[in-house]
Amino acid sequence: MINSLNFISSELIVLALGLVVLMGGVLGARRKFLGAAAITAVVAAIVFLPETMNIPGDIFSGMLTANFLGFSMRAFVLVGAGLAILMSINFRWPDDEHAGEYYFLLLTAVVSMMLAVSADNLLMIYLAVETLSIISYVLTCSFRKDLYSTEAGLKYFLFGALSTGIMLYGISLVYGLLGTLDLEGIGVRLAAGGVDLPLLVLAVLMVFAGLAFKASLVPFHMWVADVYEGAPWPVAAFFSIGPKALGFVLLIKVFFSYAVLMSSGWAWLAALLAIATMTLGNLAAFHQTSVKRLLAFSSIAQAGYILAAMATGLMGLKAAFFYLVIYAFMNMGAFACAAFFGEASHSDITAFKGLGRRAPLAALIFSIFLMSLAGLPPLAGFMAKFFVIMSAVAGAHYVLAGAIVANSVIAFFYYLKIIKTMYFEDCSSQEPVSLHLSGLFLFIFCLLAVLYFGIFPSGLMNILTIIFP
Amino acid sequence: MPHFLTWIIFLPLIGALAVALIPARHEKCIRATAIGFNAFVLVAVVVLCAVFDRTQIGMQFSESHPWIPQLNIFYSVGVDGLSLALVFLTALLGLLACLASGTITRQVKEYYLVYQVLMIGMLGTFLALDLVVFYIFWETVLIPMFFLIGIWGGARREYAAWKFFFYTLAGSVLMLLAILGVYFTSTPHSFNMIALANPGLRINFGFQCVMFLLFFLGFAVKVPVFPFHTWLPDAHVEAPTPVSVILAGVLLKMGTYGLFRICLPLFPDVILIFAWPIGILGVVNLIYGACAAFAQTDFKKMIAYSSVSHMGFVLLGLAAMNATGFNGAILEMFNHGIITGAMFLLVGVLYERSHTRELAAFGGLASTMPRYAFFLTFMALASLGLPGLSGFVGEFMTLAGVFPYHSKIGIVGCVGLIAVAALFLLMIKRVLWGKPREGVAWPDMNVFEAGVIFPLVVLTLVVGFYPEAVLQFQKNAVDTLVNFL
């Protein structure tokens, strides 16, 4: 039991400080102070994380498991949440916003995601994902009096409730068929054979649908653009990283780690969905006039590349993870820059005119993030895409490789469209847009990551070799 | 000196950082810094030429450091006779175009910043020996060029910038697929151009053909080879003068350089079969370019199409598949950079005065602008291949190379030469001779403008009378290329 509690010490720290933040909010503490406390929670959790790495034995009777994949994903979730909180601190909220509740919800979402990535049992996965979902619905409605925000929250709730319901049904079918929810146990039972195959496929597809919803894969992507558009910028940025990464990690855990399920049939399904996801995301992003919706569709397309990598075997898993890490930094950076420029919840692209002159530094950094998302060398986004295409070619998935290449050409159009608007088009106002110091810190942090991983990718690849031996 | 080539490639990066640190209002200081760094690059490249060992076979000054060891990707650079001429050309035109950038008056800081990044990409492309590194430098050129055309270009700059960007991007992603294809079919997996040229690594012929075509398409867009050339007139015409110089002088050579550096050594069996189609494409380029240039009423567009025509000679030299042809093609790449660079500078000089590029607006300039008339006539004669000037040597050698093997192509090529000659003579007639237009009194070229073009004139003369000055550098590289066949 002590082992188990030790294992979740990082989660406990986040939760405890989250409660402090909540109480602070009720007692009327200042917004800046609450943000600082939330950051402290995340940093403290990161500091404690290495302590939890080498804990042996069953944790909570096998509900959680200690492995390097879970460990690195917890670190990933914490860093992503830290960036989202930094972005929230700089964001200009309406006056009546309850900062304490907001940060508390964000921190609880972090806890649920951390538990989900180390879960080793379908029930635990379901509980963690459901907790995260409910928090997400509330976070989406953070602008309580904004029509878009509440509408987005309701939409998210309706889609989300349906998808988690389907997932739960799938899990119950798995239990009925195999008699266990433990992931390792499922692997053993599947290897033994003698399972009603059509029913199992149905059950697995249902679980897949639930996770694909979180990862925003086509055809479970309908909610993304509306929810991102309605949600405040920092929340949208957080959604585009945290829950999405969670969806992918759970897909890996549940499907791709078992040789039985990694058969060609699943690879084909993943490849097909990947092509559909990136193509649809890119084509939809093409005509968006709102930068926020454009970035939302771009994040769908990016999910397509990650899934494409997963479809290609072990090397692909490494490429997918590499992509996920880099995607987190560049997408967070792009969202932060866009939020800085387009303060209102729905930012029209015409508002970005002439920013190349009015805010040269921020416009340059934004352009670098966009180019990294598009996959231009020598930025990290290129390296990520390069490894994905490489794994596709290595696995002889030539159609998939061709689709990725064609899609990245299409994607250049709309990323460049934003850059073009900033630099080629003049705005009537020449008034300079100034940048806060704390906002600059977030930009620079993401920028350094994008440059570093683009120029020195081998360190990150070494870590991936540990995760996927 | 260790890391000599790395220093050359990344000197402009230091220049870019220096420019970035100077506040935007000190425009003169920014310009001086950029010119200083480009001069520095030129000096370094001249030193490189001086210490380059002409007798040695293979790469010199090469260095190789593991970059992504997990995937066998190395940062490796090196220089041989093939790349040396182009590196020199890049450094020279880089400096001259930078000097000629005084006409850029808005967003000066951004201009020189982007310009320096462009220099890194171009130098790196010619010096890289690892396919991934090559690809990265190749792509690095794209965005600066997109901005240079799109922000500082003419009336239709946006359209031209998009078109340039997507043509090249579409070509280069095909190249990326080919790079990966080559990598995975080699054992051990390698991206090294030198190692991949090893005949022992060649796999089945059909796959080689596919890889060759992917590479070829990527390069063909850049050259540009006939059906993929439509971005060129738009980009060249809309770009500001110094950028046109770089576009025509250096960027087009990236395509032909790729053909020689990658397509030929990696797929010699395939390219021998494709020699005939490449020759036909060369002739089509030659004649189509000249005819299209004929029809232009826009001075700059005329020069742009004449570039298409001249790049046809390079393809012809490649199609010859012998030492004479290769020598001619590589020399023609160098010469075309010098001559067309000067041509675009001259068009720019006139545009600065008249603010039009319509040929009909000019006439009789020989009497009012004698200095200009001299330079334009000189360069036009060099361009049409007058013996004694550099253009002739390259064109003669490519034709001499191609005749013994594909005499029909050679004959048609010679006919094309007549079209090119007629084109430039007509241009001289329209711009320089005839009655001066009334009420037009533009000042002649000033000393600065003449000084920028002067080095190009000298080089044209030197190469024209003593082609060995360039050929001696590339001899061993050409022998190596021929040995691959």
Side-chain angles (χ1 to χ4, degrees), chain A residues 315 318-319 322 356-357 360-361 363-364 367-368 370-371 374-379 382-383 385-396 398 401-402 404-413 415-417 419-426 454-465, chain B residues 20 23-24 66-71 73 75 106-107 109-110 113-114 117 120-121 124 132-143 146-147 149-153 157-159 161-162 165-185 189 191 210 214:
Chain A
M315 185 181 174
K318 287 184 199 171
F322 191 86
R357 288 216 221 179
L361 183 64
L364 177 68
S367 308
I368 290 177
L370 291 173
M371 282 298 95
L376 190 87
L379 303 168
F382 166 73
M383 275 300 158
K385 217 166 257 169
F386 181 71
F387 294 143
V388 172
I389 299 173
M390 202 164 176
S391 61
V393 175
Y398 297 119
I404 300 169
V405 162
N407 265 290
S408 21
V409 174
I410 301 175
F412 261 102
F413 267 105
Y415 291 123
L416 266 183
K417 188 169 85 176
I419 298 182
K420 184 209 79 174
T421 314
M422 291 196 298
Y423 283 97
F424 292 9
E425 284 170 32
D426 280 332
I455 299 172
F456 306 104
S458 53
L460 184 55
M461 295 186 70
N462 278 337
I463 297 176
L464 294 179
T465 318
Chain B
W67 178 31
I68 309 176
Q70 293 94 335
L71 302 173
I73 300 177
Y75 168 78
R106 59 197 197 92
Q107 289 168 278
K109 178 172 171 172
E110 285 89 340
L113 198 67
V114 172
V117 177
I120 304 173
V132 176
V133 178
F134 174 83
Y135 181 80
I136 288 176
F137 282 125
W138 176 281
E139 289 275 273
T140 305
V141 170
L142 276 187
I143 283 284
F146 176 76
F147 279 119
I149 299 172
I151 299 182
W152 293 278
R157 55 178 181 261
E158 225 175 84
Y159 171 75
W162 282 109
F165 189 88
F166 282 103
Y167 266 69
T168 325
L169 182 72
S172 56
V173 292
L174 295 180
M175 187 164 87
L176 181 65
L177 284 180
I179 289 175
L180 288 173
V182 171
Y183 173 77
F184 281 111
T185 47
H189 293 343
F191 284 113
V210 176
L214 288 174

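By convention in this document, chain letters (A, B, ...) are assigned in the order of the sequence lines, proteins followed by strands, and residues within each chain are numbered from 1. All values reported here derive from a predicted model rather than from experimental measurement. No hydrogens, no waters, no symmetry mates; every other heavy atom, side chains included, goes into these values.
- Partners of A/Tyr415 according to the side chain to side chain donor-acceptor pair (under 3.5 Å) rule, which considers only residues two or more places apart in sequence or in another chain, are A/Ser298, A/Gln302.
- In this structure, the side chains of B/Leu176 and B/Glu139 stay at 4.5 Å or more apart for every pair of heavy atoms.
- Interface summary for chain A: among B/Phe137, B/Phe147, B/Trp138, B/Tyr183, the most heavy-atom pairs under 4.5 angstrom belong to B/Phe147.
- Side-chain atoms of B/Ile68 and A/Met383, non-hydrogen and from C-beta on, do get closer than 4.5 Å to each other.
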*Under the ring pair (Phe, Tyr, Trp, His ring centres under 6.0 Å) criterion, do B/Phe134 and B/Phe191 qualify, and how do the steps go?*
CA-CA 10 Å; B/Phe134 174 83; B/Phe191 284 113; over 10 Å; no
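- Heavy atoms of B/Ile179 lying under 4.5 Å from chain A are absent altogether.
- The candidate with the highest count of non-hydrogen atom pairs below 4.5 Å against chain B, out of A/Ile419, A/Val405, A/Leu364, is A/Val405.
- Contacts of A/Leu376 with chain B are made by side-chain atoms alone, with heavy-atom separations under 4.5 Å and no backbone atom involved.
- Residue contact with chain A, scored on non-hydrogen atoms closer than 4.5 Å, involves the backbone and the side chain of B/Ile136 alike.
- No option in B/Arg106, B/Arg157, B/Glu158 other than B/Arg106 meets the side chain to side chain contact (heavy atoms under 4.5 Å, CB included) test with B/Ile151.
- Most heavy-atom pairs under 4.5 Å with chain B: of the set A/Phe382, A/Phe386, A/Phe412, this distinction falls to A/Phe412.
- No other option in B/Tyr75, B/Trp162, B/Phe146 has as many heavy-atom pairs under 4.5 Å with chain A as B/Trp162.
- Taking both residues in full, the closest heavy atoms of A/Ala401 and B/Leu177 are given as CB-CD2, 4.2 Å, listed atom of the first, atom of the second, then distance.
- Both the backbone and the side chain of A/Leu416 come within contact range of chain B, each with at least one heavy atom under 4.5 Å from a heavy atom of that chain.
- Interface remark: A/Pro457 contributes side-chain atoms only to the contact with chain B (heavy atom separation under 4.5 Å).
- A/Lys318 contributes atom NZ, which lies 8.5 Å from atom CD of B/Gln70 (distance to the nearest 0.5 angstrom).
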